[in-house]
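When a ligand or atom number is given, it counts from 1 through the structure's own listing order. This chain uses plain numbering: 1 for the first residue, then up along the sequence. Just so it is clear, the values below take in all heavy atoms, side chains as well, and ignore hydrogens, waters and symmetry mates.
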Amino acid sequence: MSIRYIDEIENLAGKKLFMRVDFNVPLDDNQNITEDTRIRAVLPSINYALDNKAKIILASHLGRPKGERKEKYSMAPAAKRLSRLLGKEVKLAPDCIGDEVRAMINAMQPGDVIMLENVRFYAGEEKNDADFARALANDCDVYVNDAFAVSHRAHASVEAITDCFPVVAAGFLMKNEMNYFDKAMQNPIRPLVAILGGAKVSGKIEVLDNLCDKVDKIIIGGGMAFTFLKGMGYNVGKSLVEDNLIETAMKAYEKARAKGVKFYLPVDCVVADQFNPAAETKVTTIQEIPEGWMALDIGPATVTLFAEALQNAKTIVWNGPMGVFEMDAFSRGTFAMVSAVANSYALTIVGGGDTDVAVHRAGEYAKISYISTGGGAFLELLEGKKLPGIKVLEDKGHK
Ligand code: AMP
């Protein structure tokens, strides 16, 4: 079943449009927003609703208040920033449910925007509680989900709330995420290459398994490579290894080989005598990692190998850094891969965890076809899962 999108809703004018957004932005100690990509990402949907004279009620979570009202998790900074970005007042409601909020909503004029307080101030949110969802719907007319990054959560404002509306739809951010994911994983132009990195194999086993069925090549870097390399008999020193997952990693490797998927692992690495930015470092081959040292980045020969493997790619999907890119000494491999991906002639999709941070830090984000706003949600799509927040929109999109 197909999803209805915000531009397929009839007669938005004057309607109370409840929009779930993800304004879970990073804040400094003085409650200043340090990065507002998540707010900017929803502007197309908000502006569309404004152009169509809807009354816009925004709902989001911020941080982990664990079902209690805690002022440091107030949506106030997000409302203020949105107000600046839209160039119009965004009123912050005193709560996300209750008579006062409903009165405020009922007094809205077309084109007004209200930001509800943090939905996670109530335990019912994470419990997907139907009563909380009904209260949260605040008698609004239409529901739009444009919070891709929380669509893997069956929470009240994402899932249960859809039962309270005759019309549910997805916003433009969600549309972009779905379209690019479809181009990458459902209907890719081949060769399709997946790059996987990050700290651990655990949490990415299902991704690996699903990728083996879909991709032409898998490139593995980051800490997770060393569980594979140890399984292959290399002595990897004190590098990150999950001994309990060696067998699973080897099974994934065998599955890839059996399916004819080309499987690339590092051939050299940057090793350090300690996990520290000031550690002593050197480049060694995988065969020569010194006892007691740890590999914290891929080496230059690996960069050449991986870049070569990307040469004929028509589609590239990337999750997870190639090394501990947060420390300068171990950032080169990740940044070199950002450059290789950015300069490839492929459709390039990056997402999950810190990969978007690495791409931004490398200054190459403009050359990537699409940077997903979803961390966990993007990973779950890569695992081949149906996200609860998307499934309800499919089920109820055209009722
Ligand atoms: P993940 O959340 O699994 O994608 O992991 C991201 C983290 O993996 C980053 O913070 C990196 O610092 C870390 N990482 C990448 N490569 C290594 C490595 N070789 N050893 C230890 N940590 C790593």
* Asked: Which ligand 1 atoms, with their elements, are less than 4.0 angstrom from a heavy-atom of Gly222?
  -> 16 (N), 19 (N)
* Quick one: do Lys217 and Asn312 satisfy side-chain hydrogen bond (donor to acceptor under 3.5 Å, both in side chains)? Show the steps, please. => CA-CA 11 Å; Lys217 302 182 189 184; Asn312 67 342; 3.1 Å; yes
* Residue pairs passing the salt bridge (Lys or Arg N to Asp or Glu O under 4.0 Å) test where at least one lies in residues 278-305, sequence neighbours excluded -> none
* **Same cluster (ILVMFWY, side-chain, under 4.5 Å), Val271 and Leu296** => no
* If you measure from each non-hydrogen atom of Ala295 to ligand 1, which part falls under 4.0 Å: side chain, backbone, both or neither? -> backbone
* Structure fact -> Going by the 4.0 angstrom heavy-atom rule, the piece of Lys204 near ligand 1 is side chain
* Interfacing atoms of ligand 1 (cut-off 4.0 Å, heavy-atom, Asp354) -> 6 (C), 7 (C), 9 (C), 10 (O)
* Using heavy atoms and a threshold below 4.0 Å, how should the contact between Val324 and ligand 1 be classified: side chain, backbone, both, or neither? -> both
* **Reference residue Ser74; test side-chain hydrogen bond (donor to acceptor under 3.5 Å, both in side chains); the match among Gln31, Arg69, Glu117** => Glu117
* Asked: For ligand 1, is there an N or O atom under 3.5 Å from any N or O atom of Ala199?
  -> yes
* To do: Determine, using heavy atoms of Met327 and all atoms of ligand 1, whether some pair is separated by less than 4.0 Å.
  => no
* **Closest to atom 12 (O) of ligand 1 (judged by heavy-atom distance), picking from Met294, Glu326, Met322** => Glu326
* Is the closest N or O pair between Gly223 and ligand 1 shorter than 3.5 Å? -> yes
* Looking at side-chain heavy atoms only, is the closest gap between Leu208 and Lys204 below 4.5 Å? -> no
* Would you mind listing every salt bridge (Lys or Arg N to Asp or Glu O under 4.0 Å) that reaches into residues 40-52, with sequence neighbours excluded? => Asp36-Arg40
* Structure fact -> side chain to side chain contact (heavy atoms under 4.5 Å, CB included) with Val42: of Phe148, Phe23, Phe172, only one passes, and it is Phe23
